[in-house]
Amino acid sequence: MMPLRHKLLMQAQRLAGNDDTAGDLVQETMLRLWEMRQQLKAHPNIEALAMTILRNKHTDYWRRRQKEQRLEHEDIPTDEIHDELELISIIVGQLPPLQQQVFRMKEVEGYAKEEIMLVTGCTDESLRQNLSRARRKIKELFIKLSKL
C-alpha cells in the first residue's frame with residue numbers, strides 16, 4: 001500500500017494543489033480502501049480503484065468548498081437578531097445539512113459520537129471533520145456578524 005499511497009499523494013497534489021488538502025484526500029481514500037479490504041482481493045486493478053476513489057473524494061471536497069464560498073457571500077439579516085443564541089441558530093441554519101445535523105446532535109442534544117455515527121452513517125473521521133468544519137464556520141460567521 002505504501003507505493004500506492006505515494007502515487008495517490010502525487011495525484012492529489014495535482015488535483016488539489018494544497019499539501020494539507022492533498023494529504024486529507026489521500027487519508028480519506030486510504031480509509032475507504034481499508035473499509036473495502038475484504039473485496040479488494042477480487043478486484044482486478046486496485047490502483048485504478050484507488051485513483052477513482054481519490055477523484056471522487058476531490059470532487060466532494062470541491063463541491064463543499066463551493067458551498068462554503070457561496071455561504072460567505074450570502075447576506076444574513078442582522079437587524080432582526082436580538083441575542084447571540086438567535087444569531088448562532090441562524091448561522092447553524094446556513095450550514096450544509098450534514099454539518100447541521102451532526103452539530104445539533106452533538107452540541108445541542110448531547111448525543112455521543114457513536115450514536116451520531118449510527119444515525120448519520122458517518123465514519124469516525126467524517127464525523128470529526130464535519131463537526132470541525134461546522135464549528136469553524138459558526139465561529140467565523142459569528143465573529144463577522146457580531147462586529148456589524
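Computed from heavy atoms alone, side chains included, the values below leave out hydrogens, waters and symmetry copies. It should be emphasised that the depicted structure is a prediction, and the values quoted were computed from it without experimental measurement.
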Is there a side-chain contact between Ile91 and Gln94 (heavy atoms, below 4.5 Å)?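 No, too far: nothing below the 4.5 Å cut-off.
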For a 4.5 angstrom cut-off between non-hydrogen side-chain atoms, does Val119 reach Gln101?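 Side-chain contact under 4.5 Å: yes.
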How long is the gap from [atom1] on [X] to [atom2] on [Y], to the nearest 0.5 Å?
{"X": "Asp20", "Y": "Leu25", "atom1": "CG", "atom2": "CG", "answer": "11.0 Å"}
{"X": "Arg55", "Y": "Leu15", "atom1": "CZ", "atom2": "CG", "answer": "8.0 Å"}
{"X": "Arg136", "Y": "Leu131", "atom1": "CZ", "atom2": "CG", "answer": "11.5 Å"}
{"X": "Cys122", "Y": "Leu98", "atom1": "SG", "atom2": "CG", "answer": "4.5 Å"}
{"X": "Lys113", "Y": "Thr120", "atom1": "NZ", "atom2": "OG1", "answer": "12.5 Å"}

Examine [X] and [Y] and state if one hydrophobic cluster contains both, with Ile, Leu, Val, Met, Phe, Trp and Tyr joined whenever side-chain heavy atoms are less than 4.5 Å apart.
{"X": "Leu40", "Y": "Val26", "answer": "yes"}
{"X": "Val108", "Y": "Ile138", "answer": "no"}
{"X": "Leu141", "Y": "Val92", "answer": "yes"}
{"X": "Met51", "Y": "Leu33", "answer": "yes"}
{"X": "Val102", "Y": "Leu118", "answer": "no"}

Side chain to side chain contact (heavy atoms under 4.5 Å, CB included), that's the test. Do Tyr61 and Lys57 meet it? Break it down for me. CA-CA 6 Å; Tyr61 168 78; Lys57 295 289 182 186; over 6 Å; no
Heavy-atom pair of closest approach, residues [X] and [Y]:
{"X": "Ala22", "Y": "Ala16", "value": "N-CB, 4.3 Å"}
{"X": "Leu145", "Y": "Leu87", "value": "CD1-CD1, 3.6 Å"}
{"X": "Thr29", "Y": "Ala50", "value": "CG2-O, 3.6 Å"}
{"X": "Thr123", "Y": "Met117", "value": "C-SD, 3.9 Å"}
{"X": "Leu127", "Y": "Ile116", "value": "CD1-CG2, 3.5 Å"}
{"X": "Lys106", "Y": "Tyr111", "value": "CD-O, 3.7 Å"}

Hey, is NE2 on His43 packed in by over 12 heavy atoms from elsewhere, all under 6.0 Å?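 Above 12, so yes.
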Is it the case that more than 12 heavy atoms not belonging to Arg104 sit under 6.0 Å from its CZ atom? yes
With sequence neighbours excluded, what pairs up with Gln129 under the side-chain contact (heavy atoms from CB on, under 4.5 Å) test? Glu28, Glu125, Arg133
Which residues pass the side-chain contact (heavy atoms from CB on, under 4.5 Å) test with Ala112, sequence neighbours left out? Glu114, Glu115
If we ignore hydrogens and angles and just use 3.5 Å, is the side chain of Ser132 paired with the main-chain N or O of Arg128 as donor and acceptor? no
Using modelled atom types only, decide if a donor and an acceptor are shared between the side chain of Gln99 and the backbone of Asn130 within a distance under 3.5 Å.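 Answer holds: no.
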Set out, in order, the CA-CA distance, both residues' side-chain angles and the distance that settles side chain to side chain contact (heavy atoms under 4.5 Å, CB included) for Met36 and Leu49, then state yes or no. CA-CA 11 Å; Met36 299 174 63; Leu49 173 65; 3.7 Å; yes
For Gln11 and Arg14, does a side-chain donor sit closer than 3.5 Å to a side-chain acceptor? yes
Row check, Trp34 ring normal vs Arg37 NZ/CZ: under 6.0 Å, within 45°: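 Ring-cation test returns yes.
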